[in-house]
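Working notes, structure below.
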Amino acid sequence: MAGNNRAGNKGPDGGPDRWSQGVTEGSDALDLEEGVFTWADPARIARSLKRSAEASDRRKSSPYRSAMSMLTFYVNRAGKDLDADQREVLERAKDELRKAFGRA
């Protein structure tokens, strides 16, 4: 496929090579705190995602759905490259997010 640069991390325009990386790093719906998915505290991750979702005027669904979708998207896209301990933290962050939105 012409122009498909899978060997590097940058596409031909200097942006992310993979669309999923672009979504995670530059979602138009949520302004995420830097490194939010690398934090060790599930409650802190949930609070940050909730705050970002509620502050956004660009999201297309409810704050809860936007926050949970971004978290799930990250976990799914990280796949086998996601450290098992961090995957557990992020799965626990989903529970914390449900609690934060009164859906637990």
Side-chain angles (χ1 to χ4, degrees):
M1 215 183 240
N4 190 359
N5 178 14
R6 290 287 173 225
N9 292 331
K10 300 290 181 186
D13 62 355
D17 184 41
R18 297 189 172 142
W19 69 267
S20 58
Q21 179 184 2
V23 170
T24 302
E25 293 176 355
S27 168
D28 189 43
L30 299 181
D31 293 321
L32 302 175
E33 286 186 76
E34 189 172 333
V36 66
F37 298 118
T38 64
W39 298 343
D41 181 359
R44 181 179 175 210
I45 294 169
R47 284 192 308 271
S48 178
L49 290 171
K50 183 176 191 272
R51 192 169 38 249
S52 294
E54 290 178 336
S56 176
D57 57 358
R58 299 182 313 268
R59 62 182 160 70
K60 295 178 182 172
S61 58
S62 71
Y64 169 75
R65 187 169 180 167
S66 292
M68 187 63 79
S69 292
M70 186 55 78
L71 180 53
T72 300
F73 176 83
Y74 182 81
V75 170
N76 290 344
R77 286 295 159 194
K80 66 181 186 298
D81 295 329
L82 187 59
D83 172 271
D85 291 335
Q86 191 60 26
R87 179 180 300 278
E88 179 59 30
V89 168
L90 295 175
E91 290 297 332
R92 289 186 5 236
K94 289 180 185 180
D95 294 333
E96 292 295 331
L97 200 54
R98 289 183 194 99
K99 286 182 201 172
F101 279 100
R103 297 184 179 223

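Position 1 is the first residue of the sequence; numbering continues from there.
By the 4.5 Å heavy-atom criterion applied to side chains, L82 and F37 are not counted as neighbours. Contact annotation: the side chain of R58 approaches that of D31 to within less than 4.5 Å [non-hydrogen atoms, C-beta and beyond].
Summarising the local packing, CZ of R65 is surrounded by 12 or fewer heavy atoms from other residues, nucleotides or ligands at distances under 6.0 Å.
Here the closest heavy-atom approach between residue A67 and residue A53 is recorded as CB-CB, 4.0 Å. Taking both residues in full, the closest heavy atoms of S48 and V36 are given as OG-CG2, 3.7 Å, listed atom of the first, atom of the second, then distance.
Applying the side-chain hydrogen bond (donor to acceptor under 3.5 Å, both in side chains) rule to S61 yields the partners S66; only residues at least two apart in sequence or on another chain are considered. Residues satisfying the side chain to side chain contact (heavy atoms under 4.5 Å, CB included) criterion with D83, sequence neighbours excluded, are D85, Q86. In this view, E88 satisfies the side-chain hydrogen bond (donor to acceptor under 3.5 Å, both in side chains) rule with no residue, not counting sequence neighbours. With sequence neighbours left out, the side chain to side chain contact (heavy atoms under 4.5 Å, CB included) criterion links T38 to no other residue.
One finds the CD atom of E54 at 8.0 Å from the CZ atom of R59 (value rounded to the nearest 0.5 Å). Within the model, atoms CG of L32 and CE of M70 stand 5.0 Å from one another, a figure rounded to the nearest 0.5 Å. Remark: R77 CZ to T72 OG1 distance equals 12.5 Å, nearest 0.5 Å.
Contacts classified as salt bridge (charged side-chain N to carboxylate O under 4.0 Å, His left out) and involving residues 32-44 (residues at least two apart or in different chains) are given here: E33-R51.
The main-chain N or O of S52 is never found under 3.5 Å from a side-chain atom of S56 such that the two would form a donor-acceptor pair.
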For residues 95-104, which side-chain donor-acceptor pairs fall under 3.5 Å, sequence neighbours excluded?
unit_1	atom_1	unit_2	atom_2	d
D95	OD1	R98	NH1	2.7

